[in-house]
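Here, residue 1 is the first one in the sequence, and each next residue gets the next number. Atoms within a ligand are numbered from 1 in the order they appear, just like the ligands themselves.
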Amino acid sequence: MQLKNLALASVAATTSLALPATTSIADGTTFALITYKDGELLGNAGVQAALRSLFVNLPSQNATCGDNPDPNFATFYLNDQELNLFGYQRGNQQKIFVDRSGMGMGKIGYITGSEGLGRYWETQGWTLNDNQLLFKGTALQACPNSIDGGWSLWLQGVAKPGYNENCTPVVVTALETPDPIGCFYKN
Ligand SMILES: *[C@@H]1O[C@H](CO)[C@@H](O)[C@H](O)[C@H]1NC(C)=O
């Protein structure tokens with residue numbers, strides 16, 4: 001799916017807010033994540049995965065996607081409340097974690113393959129609630145002025161996660177991707 005189409009589809013999704021809530025996206029079904037700040041699309045495309053973190057509005061996430069060009073947004077799927085990145089090769093599975101400890105401050109990251117989890121890292125607890133991504137009921141926030149001028153995504157709960165300033169609550173919404181491009185996201 002092209003970036004433009006993804007952005008357009010997300011606009012279409014917002015304009016149908018008056019309709020009954022759509023059925024939840026099933027486990028194993030791939031989706032992109034779109035970020036809204038104050039009801040407006042943040043950035044022009046989906047959430048990106050790079051450098052073991054999640055971002056919005058990076059010029060390039062620099063993923064490797066087999067024979068396909070990098071669509072510049074990440075593709076995800078849920079499995080038993082774990083949030084996975086959709087890859088294109090066997091092995092090297094990439095999985096999202098959160099760290100809600102005092103030092104983690106709500107950090108959202110990902111591990112690759114058999115890499116171990118840090119002591120306080122949690123992978124299970126992700127849900128789509130009317131397609132909004134939550135971790136154990138908690139929504140996300142975005143912090144500006146991250147690398148390459150992008151926004152970094154964190155769990156809500158700490159005002160200055162990772163000592164980032166001016167973070168703001170966001171609504172991160174899943175949008176099904178019928179023709180997903182599997183990628184390996186840069187560590
Ligand atoms: C992507 O690659 C470009 C060119 O090497 C670099 O400037 C940029 O910082 C990279 N972005 C990420 C997220 O790795």
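Looking at Lys186 next to ligand 1, an N or O pair under 3.5 Å apart turns up.
Listed by number with element, the atoms of ligand 1 under 4.0 angstrom from any heavy atom of Leu58 are 13 (C). Counting atoms of ligand 1 from 1 in the listed order, those under 4.0 Å from a heavy atom of Ile147 are 13 (C). Heavy-atom contacts of Asn62 reach the following atoms of ligand 1: 1 (C), 2 (O), 3 (C), 8 (C), 10 (C), 11 (N), 12 (C), 14 (O) (cutoff under 4.0 Å). Less than 4.0 angstrom separates some heavy atom of Ala50 from each of these atoms of ligand 1: 13 (C).
Applying the side chain to side chain donor-acceptor pair (under 3.5 Å) test between Glu115 and each of Arg52, Gln94, Gln93 identifies Arg52 as the sole match.
In this structure, atom 14 (O) of ligand 1 has a protein heavy-atom contact shorter than 4.0 Å. When distances from atom 2 (O) of ligand 1 to the protein are checked, a heavy atom turns up under 4.0 Å.
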For this session: Evaluate the criterion side-chain contact (heavy atoms from CB on, under 4.5 Å) for residue pair Gln141 and Leu155; output intermediate values, then yes/no.
Result: CA-CA 6 Å; Gln141 57 182 330; Leu155 217 59; over 6 Å; no

For this session: Could you give me the CA-CA distance, side-chain angles and deciding distance for Cys143 and Trp154, then say whether side-chain contact (heavy atoms from CB on, under 4.5 Å) is met?
Result: CA-CA 8 Å; Cys143 304; Trp154 301 73; 3.6 Å; yes

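More than 12 heavy atoms of other shown residues, nucleotides or ligands fall within 6.0 angstrom of atom NZ in Lys136. More than 12 heavy atoms of other residues, nucleotides or ligands lie within 6.0 Å of CG in Asn92, so this atom counts as buried by the packing criterion.
Of all protein heavy atoms, the one lying nearest to atom 8 (C) of ligand 1 is Asp148 OD2, 3.3 Å.
Using a 4.5 Å heavy-atom threshold, the side chains of Phe31 and Leu33 count as touching.
Under the 3.5 Å distance criterion, the side-chain polar atoms of Asp70 are matched with a main-chain donor or acceptor of Ala63.
Here Ser60 has backbone heavy atoms under 4.0 Å from ligand 1, and that is the only part of it that gets that close.
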